[in-house]
Amino acid sequence: MIRSHQSGALRAGDAGTTVTLAGWVARRRDHGGVIFVDLRDASGVVQVVFREDMQVAHALRNEYCVLVTGEVRTRPAGNENPDLPTGAVEVVATALEVLSEAAPLPLPVDDGDAASDDVRYRYRYLDLRRSGPHKAMKLRSRANQIARNLLADRDFVEVETPTLTRSTPEGARDFLVPVRLQPGTWYALPQSPQLFKQLLMVGGLERYYQIARCYRDEGFRADRQPEFTQLDIEMSFVTQDDIIELGEAIVRALWSDLAGHEITADIPKLTWHDALARYGSDKPDLRYSVELTELTDYLRGTEFRVFAGAIDAGGYVGAVVMPGGAAQTRKELDGWQDWAKARGARGLAYVVLDAETGEPKGPVAKNLTAEHLGGLADAVGAKPGDAVFFAASTERREAQELLGAARIEIAKRAKLVDESAWSFCWVVDAPMFEPTDPDAGGTGGGAKGWTAVHHPFTSPNREWIDRFEESPGEALAYAYDIVCNGNEIGGGSVRIHRGDVQRRVFDILGIGAEDAADKFGFLLEAFKYGPPPHAGIAFGWDRICMLLSGADSIREVIAFPKTGGGFDPLTGAPTPITAQQRAEAGVDGKPKTASESGAKA
RNA sequence: GGUCCUGUGGAGCAGUUGGAGUGCUCGCCGCCCUGUCAAGGCGGAGGUCGCGGGUUCAAGUCCCGUCAGGACCGCCA
């Protein structure tokens, strides 16, 4: 080591010690006769004093990398800085070596206002010198360590699975990699290690985990990047409850250590259907209590066409209450219409209850009978001064999700969210299937299809395993998600381990035997040889680290993140390739053996 | 694929009704300064107003297109 101590570790007890420090010039305060330099390394900052005999420090600039030798002294009385951990001491320099100079900085490296995201990520190596990003990287490392320790204590085996693998249709779009040695054929980057971890169970490992990079070529968001990380877990000979117990243990350990938050009781469970019915979301934010009310029966017989149309078609009408919402201006109420339209809804019907009299008012009120209006407040649990928003649709889930989105927006606008709170829940009993493309229903009379809510390897629960064909839309799965403050932070399922059940599920999904063999043949083959019952879970590691670090984007907990367009501002990736690279990569080659699936019709 | 917001010296912003590249904070360069810690004082440099087109006597400002970043919808088994 070229240094003797870490800058941030120096304390009053070190006074009198001669130290050699290495780090960066965080700030220089040049008084002419005496120069103060805040020297920063990974451990923190300490003040270095250069006296008249050390005027070389005059040439130092921000972010020069320097080596300083000097004596630690307690600061003169009255000059301590209580804001710094090292504020009781300073280092009086006797030697200075500039290890490397720094050009004028393209962004501020101090902890004041941050630059915009694209500048920060273009110069991420400078951004990472700031304390916030630095802490986020350390937090993530610590989170990995906590998970590894806990899983090692429980005899889990950490296994790496391939990142150059087979394209598995269904689900998200794959990133594809051309194969030079077999022109015209492509690897896919894994969307998750799902199939491999199931094969590891067949392989008898019983307890597997991996901090796994996953790749999905879909739209990117604040909480979605083209490559992201899961803490991926799979176990044999377990039930859903065993996975939930393990998941809670991991979450409990993470939040205890990294957020100082103790999860004492069991994390509450609610069913997928309850979550939709009460919160209009399969990842409800339980930090606030606003709930939806179904009004389908209450409003049955109404002549208001918007509601009657949904009710008569066997659909759903519901409402959500905005506490104090009656105080909104006409402009604000109109704003909700724009908000709803931006989400693809026709609008958001509402009734406001007069703050004095409780009298229902608003455009929709004119369309409802006195009877319906009279009992409305009680039916939805509204008080005078509240606003009631309605949604109606022939598709229950569609209306519920609109109200769920309104619920979130209400909480935001009415400031109902306790930002310091942590609220966890499990959402269990998810349906096995949902109809494909519900919007297209009714046209052409084409066959109604089903798609897996979770994934095609999810087991129906005991109640449905022998008869899910009877009513695919109602069949429930052993599938579970863990939710924190309205973010899905993990999810998993009990897997199908019986070939016959798997084939029946594929049948419902419209995946024929030939198709299944082509896409997942290797898994079905494996399942011929004594596959153990198994179940697993995967945690969205970036999201968890984001929540624990208080960030509002997973980019903050990724060392070198990409922009929403999948662009890396630092390296400039992706880039075009040269003609020679293209020729060598085999991009344009034709597969040698044209299998049925590969050949064009 | 769609909607909305943003784009002005190195960074963060302001810029009114269309009237001179105008302003603020920080940074940068030079000088002064012996106890600061967001040091202070004086002086200075630094601009294709994202890009292209249009309207106009005149565009940072209005219109159209486009690019980039962000948020959201679709999508994400």
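Letters A, B, ... mirror the listed sequences (proteins, then strands); counts begin at 1. Note that the coordinates shown come from a computational prediction; the quantities given were computed from them, not determined experimentally.
The residue A:Leu105 sits close only to the backbone: its heavy atoms come under 4.0 Å of sugar-phosphate atoms, none of a base. Residue-level contact check: A:Arg343 touches the backbone only, with heavy atoms under 4.0 Å from sugar-phosphate atoms and none from bases. Using a 4.0 Å heavy-atom criterion, one finds that A:Ser192 contacts the bases of the nucleic acid, with or without backbone contacts as well. Here A:Pro106 lies in heavy-atom contact (under 4.0 Å) with sugar-phosphate atoms only.
The shortest side-chain heavy-atom distance between A:Leu96 and A:Phe50 falls under the 4.5 Å cut-off.
When both distances must be under 3.5 Å, the Watson-Crick or G-U wobble mate of B:rU17 does not exist. Under the Watson-Crick or G-U wobble criterion, with both distances below 3.5 Å, B:rA71 is paired with B:rU3.
Under the 30°/60° scheme for interplanar angles, the aromatic rings of A:Phe527 and A:His534 are found to stand perpendicular. Using the six-membered ring where Trp is involved, A:His455 and A:Phe457 have ring planes that are tilted, between 30° and 60° apart.
Straight-line distance from the CZ atom of A:Phe175 to the P atom of B:rC76: 15 Å, rounded to whole Å.
Side-chain to base pairing of A:Arg216 with B:rC75: no donor and acceptor N or O lie closer than 3.5 Å to each other.
A sub-4.0 Å separation between OP1 or OP2 of B:rU36 and a side-chain N or O of A:Asn81 is absent. Proximity of A:Ser116 to the phosphate of B:rG69: no side-chain N or O atom is located under 4.0 Å from OP1 or OP2. In this structure, A:Arg555 reaches the B:rA71 phosphate: one of its side-chain N or O atoms is under 4.0 Å from OP1 or OP2.
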